[in-house]
Undergrad: 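I'd like to ask some things about the structure below.
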Amino acid sequence: MSYYQDLLKQSQKLLAQFQLELNSLSLEELNIKYLGKKGLFNQLASQIKKLKKDEKKDFGQVLNQLKADLEQGLNKIQENENQSHQRLDLSLPGIKQNIGHLHPISQAIEEISQIFERIGFVRADFPEVDWDYYVFAALNMPDNHPARDEWETFFVDQTAHPKLGKMVLTTHTSNGQVREMERVKSQLPIRMINISRCYRRQSDNTHTQMFHQFEGLVVDKNINIQHLKGTIDYFAKEFFGAKTKSRIRPFHFKFTEPSFEVDFSCQICGGTGYLKNKHNKKESCRFCKSGWHEVGGAGMVHPNVLKAGGIDSKKYRGFAFGWGVERSYTLKQGLNIDDIRLFYSAEREFLEQF
Ligand code: PHE
């Protein structure tokens with residue numbers, strides 16, 4: 001066997017040995033043993049000088065290939081090690097799990113219930129699809145009364161009840177008033193908080209066809225407007241913050257007498273109606289313009305409503321209030337949401353902010 005052939009064999013053996021040892025030696029050991037300065041490859045390559053001229057050329061190519069094979073083998077190990085390192089690196093920050101949260105309106109409902117439960121109100125639940133009687137007629141709004149027009153009603157396509165009239169989607173939570181009076185069967189007092197979905201035929205950037213209201217109803221002996229105002233004040237401070245003021249203005253509802261609209265002082269300008277601009281000059285608050293936000297209605301329960309609920313209106317009096325959850329929530333947050341429909345759009349980017 002010529003020396004050249006011997007070297008060829010040696011190069012084949014070297015590669016075979018390398019492949020055998022790939023899994024038993026570390027990357028560093030392999031590097032030193034095969035490709036180090038005094039490693040097996042260099043030892044073999046140094047023999048080239050002993051070859052004849054044309055053999056040198058051929059053997060040079062063999063050596064190039066051998067080196068490429070060795071390097072490729074080492075690179076593969078390096079890659080594997082990188083990957084397994086990644087898997088094992090306990091110091092890497094964790095991947096944040098998206099765990100979600102309650103819808104902002106559910107959060108508000110929860111908070112509102114708790115505020116009223118703290119002063120002895122009991123949370124009630126009544127049908128969202130109800131008879132005309134509870135939604136209108138029992139609330140002192142007989143058939144065809146023009147006051148009904150204020151509630152843009154969805155009617156359910158179903159035969160009317162002989163006594164209770166048509167079936168409607170509740171336009172307000174006031175349907176709970178007479179229902180609660182019937183439920184307690186003159187076991188007074190009543191301290192009810194009814195929070196529910198309501199529906200009206202209106203959809204624009206400040207209205208959704210489905211929205212939520214909460215309704216308070218108190219019926220007892222010697223109830224007067226101060227109790228109503230006190231309760232509204234309490235809610236204002238608990239829900240919006242200690243500095244919030246409330247005011248009631250005369251209004252008209254068929255089911256309360258007297259009736260009021262309820263305003264809360266603006267969270268953004270603190271009820272002043274002014275904000276300071278960047279030049280420290282007063283300009284009118286762009287959230288409220290007047291210092292106040294109108295939120296809902298209230299009043300002393302009309303004797304006819306007490307009568308409809310089987311309560312002696314000579315002995316007992318009541319107050320009621322009702323307003324929108326969405327509106328209260330956006331005011332609380334000082335949010336000026338361009339389009340309130342976003343709450344029900346299932347837009348995650350919007351909802352994740354709350
Ligand atoms: N139900 C009325 C509305 O939807 C609000 C209200 C509730 C008014 C209770 C008076 C008493 O506008």
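Just follow the structure's listing: the first ligand is 1, and inside any ligand the first atom is 1. For clarity, every value in this text was computed on a predicted model and none was experimentally measured.
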Undergrad: Start with the C-alpha gap between Tyr344 and His103, add the side-chain angles, then the distance that decides, and say whether ring-ring contact (aromatic ring centres under 6.0 Å, His included) holds.
TA: CA-CA 10 Å; Tyr344 300 110; His103 188 279; 5.7 Å; yes

Undergrad: Are there any N/O pairs under 3.5 Å between ligand 1 and the protein, and if so, what are their distances?
TA:
{"from": "ligand 1", "atom 1": "1 (N)", "to": "His172", "atom 2": "ND1", "distance (Å)": "2.9"}
{"from": "ligand 1", "atom 1": "1 (N)", "to": "Ser174", "atom 2": "OG", "distance (Å)": "2.9"}
{"from": "ligand 1", "atom 1": "4 (O)", "to": "Trp151", "atom 2": "NE1", "distance (Å)": "3.4"}
{"from": "ligand 1", "atom 1": "4 (O)", "to": "Arg200", "atom 2": "NH2", "distance (Å)": "3.0"}
{"from": "ligand 1", "atom 1": "4 (O)", "to": "Gln213", "atom 2": "NE2", "distance (Å)": "3.1"}

Undergrad: Output yes when a side-chain donor or acceptor of Arg148 lies under 3.5 Å from a complementary backbone atom of Met141, and no otherwise.
TA: yes

Undergrad: If I take atom CG from residue Leu20 and atom NZ from residue Lys13, how far apart are they, to the nearest 0.5 angstrom?
TA: 12.5 Å

Undergrad: If you count the non-hydrogen atoms of other residues, nucleotides and ligands that lie under 6.0 Å from CG in Asn277, is the total more than 12?
TA: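 Yes, enclosed.
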
Undergrad: Among Gln213, Arg200, Glu150, which residue meets the side chain to side chain contact (heavy atoms under 4.5 Å, CB included) test with Thr171?
TA: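 When Gln213, Arg200, Glu150 are each tested with Thr171, the side chain to side chain contact (heavy atoms under 4.5 Å, CB included) holds only for Arg200.
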
Undergrad: Is a side-chain donor-acceptor pair under 3.5 Å present for Tyr3 with Glu55?
TA: no

